[in-house]
Amino acid sequence: LLLFVVLQACAPLKPVEFRSVTDLKVKDAFTSPTVTANLNFFNPNSFGCTVKKLEVDVLLSKTELTQLSFTKQRIPSGKEFILPLRASVSYSQLLKLIPVGVASFQSGKDIPVDLTGSVTLKKFLFSKTFPLQVHEKLNLKDIQIK
């Protein structure tokens, strides 16, 4: 049993695979803007591990919206998982996005979203940091403003 645990711990960590952004919401847009979203990932490893740290810069249409960080979540082996994120956004950043939103609304085009940063996975005593580069497109209809 001990040999099995040691061999399992020595298996190389593979990076998690990004799947999608869901449930993107802007709350309290006129008082203290907060953005929440679910980042959906897949763990290709044959063993569970822990997301030790996730640090991401979020850009909408090449305009920086916010920086996100997340720590400590256990993830299952070979399954999809969700990292719920919540970030405060300054009014100045939201004002920069109004022309993008209006243009998207008028043209019906999607808004490009870029997530750039890193994710650190940990299994027992071993941890490894992987770069995270995601390029998605969001439709204005997918953003809920409350």
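Bear in mind the structure is a predicted one, so any value in this text is a computation, not a measurement.
- By the ring-ring contact (aromatic ring centres under 6.0 Å, His included) test, F41 pairs with F18, F81, sequence neighbours left out.
- Separation of atoms CG (L121) and CD1 (I75) is listed at 5.5 Å; rounding is to 0.5 Å.
- Between the N43 side chain and the P76 main chain, a donor and an acceptor come within less than 3.5 Å of each other.
- Here the CD atom belonging to Q67 is positioned 4.5 Å from the CG atom belonging to D57, to the nearest 0.5 angstrom.
- Put simply, the side chain of C49 does not reach to within 4.5 Å of the side chain of K122, judged on heavy atoms.
- Residue E136 holds its CD atom at 7.0 Å from OG of S20, rounded to the nearest 0.5 Å.
- In plain terms, the two heavy atoms of A37 and V21 that are nearest each other are CB-CG1, 4.2 Å.
- Here the straight-line distance linking atom CD1 of I82 with atom CG of N40 works out to 5.0 Å at 0.5 Å rounding.
- Taking OG1 from T120 and CG from L54, the interatomic distance works out to 8.5 Å, rounded to the nearest 0.5 Å.
- Under the 4.5 Å side-chain criterion, counting only non-hydrogen atoms from C-beta, T50 is not in contact with Q73.
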Given the rule in the side-chain contact (heavy atoms from CB on, under 4.5 Å) test, do V119 and K53 qualify, once you have shown the distances and angles that lead to the verdict?
CA-CA 6 Å; V119 60; K53 183 168 51 170; over 6 Å; no
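- For the pair R86 (side chain) and T34 (backbone), a donor-acceptor distance under 3.5 Å is absent.
- Here NZ of K128 is found 14.5 Å from NZ of K52. Values are rounded to the nearest 0.5 Å.
- A continuous path of hydrophobic side-chain contacts links F130 to F47 [ILVMFWY only; heavy atoms under 4.5 Å].
- Side-chain contact check for N45 and S77: no donor-acceptor pair (N or O, by modelled atom type) lies under 3.5 Å.
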Audit row: V56, L132, side-chain contact (heavy atoms from CB on, under 4.5 Å) steps and yes/no
CA-CA 8 Å; V56 178; L132 182 66; 3.8 Å; yes
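- At a threshold of 4.5 Å between non-hydrogen side-chain atoms, the residues L39 and V134 do not count as touching.
- Between the side chain of K123 and the backbone N or O of G48 there is at least one donor-acceptor pair closer than 3.5 Å.
- Judged by distance alone, the side chain of E55 and the main-chain N or O of T116 form no donor-acceptor pair under 3.5 Å.
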